[in-house]
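Right, one structure below, let's go through it.
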2 protein chains.
Amino acid sequence: MQHWFIDRQAIALPTWREAMPAAQVLARARAGSVVGAGILWFRLRSGEAASEVLPAAGPAADQHFVVLSDEPDEDTVLQCLTAGAAGCCNSHAAPEVLQQVALVVANGGLWVGQSLLRRVMGGTARIIEQRQQARNDDWSALLSEREAEVARLVASASSNKEIARQLSISERTVKAHLTSVFEKLGLRDRLQLSLRINGLPR
Amino acid sequence: MQHWFIDRQAIALPTWREAMPAAQVLARARAGSVVGAGILWFRLRSGEAASEVLPAAGPAADQHFVVLSDEPDEDTVLQCLTAGAAGCCNSHAAPEVLQQVALVVANGGLWVGQSLLRRVMGGTARIIEQRQQARNDDWSALLSEREAEVARLVASASSNKEIARQLSISERTVKAHLTSVFEKLGLRDRLQLSLRINGLPR
DNA sequence: GCCAGAACTGTACTTTGGTGCAATGGTGTA
DNA sequence: TACACCATTGCACCAAAGTACAGTTCTGGC
């Protein structure tokens, strides 16, 4: 498997050379006309966007793109993947890691750093949980008709006074319903109620 | 690196043997007292939950868990990761794939099948986009760094006192920031702020 | 008929949220 | 240097939210 390191200035880090001694190093300007089959490692310097660096056409059938990012964060990695890369890791990763990335990518896999992966998977897990919780809609099940009505209004940022006017009841009654709602759902205040009803943050 | 295949009946698939000829095969009942350092491959049969199969204690410092699932889907993989596994792949994966999984996991990585990864990352990308769009809603653009920070905490239902403690500032300062936030965004109180940040109706 | 639960309300109280006024210190820019 | 903006805080004040205790009315089920 041939490796191509493609950077603005045709400079390869020592770790890259150590990982793939037989690799070719190219400046971006020349890369288009020279590069053949194999793994193309694109260096993404600070402030650069993946879309500027990766060829818009995407990888050929016999090529794989990998991004070596100076500042790999969640957004960067996603941009890289969207732009056709099969992986994204830190520019200064150890040679062993680079080799591992190469192995995975060469076999048609995707590579994202484990910290990112953990975060992403964790996030997904949280999202799924929340979605299930939201779907359960259990909040309204626990409440009486009137309580749920008040709760809904609170969740849309109405004040007690407004709710009272709207339902033609006293402000005191609104408070009574709310106290009951908080107690039943184990919440502290109207803001928590709002999050519970509107489906948590994100 | 020692490999241990752990199944209900101490049966290993031919592909497993091919991938790791030196592996030990154990029945679940005996595994607890026998297994040592290395990679522990747990077979998850149809209908079984990851939590039933994986030791609740999680992997020891010199161990890694991998789940071989008969029916790997998104939920299963997430359950496995939550339960302490470093990877999850199809029970009937090719030997080369198993070896690759072993390599990644042995080096402290996480492994999830690429189809799942693509899906998860795709979903995450969508979510992040939405989040950015919602965030772009320019609310944060209008605010100073500190104001945005306070706003975010408010949006997650923290009280002023909690925010003050968390940011190591006085409650009065929190209030000051909030007053400024309300003014800049044209809002009345923290509940409206929460809705603005978390994305209104739906 | 009795009881449970809901809806409703009042008085009184504590806590939290939000504003006005005033002040200090830092940073950056015309 | 002067000016603008930000971060910080204190004191005082008012409004809103939430709780405690107490009470009425109505409805449906045992």
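A note on names: the letters A, B, ... follow the listed sequences, proteins ahead of strands, and every chain is numbered from 1. Scope of the values below: all heavy atoms of this structure, side chains included, with no hydrogens, waters or symmetry mates.
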Could you walk me through whether A:R188 and B:E162 satisfy the salt bridge (charged side-chain N to carboxylate O under 4.0 Å, His left out) test, starting with their C-alpha distance in whole Å, then the side-chain angles of each, then the deciding distance to 0.1 Å, before giving a yes or no?
CA-CA 13 Å; A:R188 191 210 303 159; B:E162 287 169 345; 2.8 Å; yes
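One interatomic measurement links the two molecules: CZ of A:R188 to P of C:dT15, which rounds to 15 Å at whole-angstrom precision. Rounded to whole Å, atom C1' of C:dA12 lies 15 Å from atom CD of A:E171. For the pair A:E183 CD and C:dG5 C1', the computed distance is 14 Å after rounding to whole Å. One can place CD of B:E162 at 16 Å from P of C:dT15, the figure rounded to the nearest angstrom. Here C:dA6 presents its P atom at 12 Å from CD of A:E145, a figure rounded to the nearest Å. Distance, A:N160 CG to C:dT9 C1': 15 Å, rounded to whole Å. The distance from atom CG of A:D189 to atom C1' of C:dT16 is 9 Å, rounded to the nearest whole Å. Rounding to whole angstrom units, CZ of residue A:R190 and P of C:dG18 are separated by 11 Å.
With respect to the salt-bridge test (charged N to carboxylate O, under 4.0 angstrom), the residues B:R8 and B:E48 qualify.
A residue-by-residue look at A:H177 and B:K175 shows that A:H177 has its nearest nucleotide of DNA chain C further toward the 5' end.
The salt bridge (charged side-chain N to carboxylate O under 4.0 Å, His left out) test with A:E147 singles out one residue from A:K175, A:R152, A:K184, and that residue is A:K184.
Atom CD of A:Q9 has more than 12 heavy atoms from other residues, nucleotides or ligands within 6.0 Å.
No side-chain heavy atom of B:D7 sits under 4.5 Å from any side-chain heavy atom of B:L68. For the pair B:L142 and B:L185, the minimum side-chain heavy-atom distance is below 4.5 Å. Looking at B:V25 and B:I11, their side chains never come closer than 4.5 Å, going by heavy atoms from C-beta outward.
No donor-acceptor contact under 3.5 angstrom links the side chains of A:S180 and A:E183, judged on distance only.
Nucleotides of DNA chain D that come within less than 4.0 Å of any heavy atom of chain B span, from the 5' end to the 3' end, D:dC6 to D:dC11.
Checking the phosphate oxygens (OP1, OP2) of C:dA7, no side-chain nitrogen or oxygen of A:T173 falls inside 4.0 Å.
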Can you give me the N/O atom pairs linking the protein to nucleotides 20-22 of chain C at distances under 3.5 Å, or say none if there are none?
from	atom 1	to	atom 2	distance (Å)
C:dG20	O6	B:R172	NE	3.1
C:dG20	O6	B:R172	NH2	2.6
C:dC21	N4	B:R172	NH2	3.2

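Side chain of B:Q24 to backbone of B:W4: no donor-acceptor contact under 3.5 angstrom is found.
Residue B:S159 places its side chain closer to C:dG17 than to any other of C:dA6, C:dA7, C:dG17.
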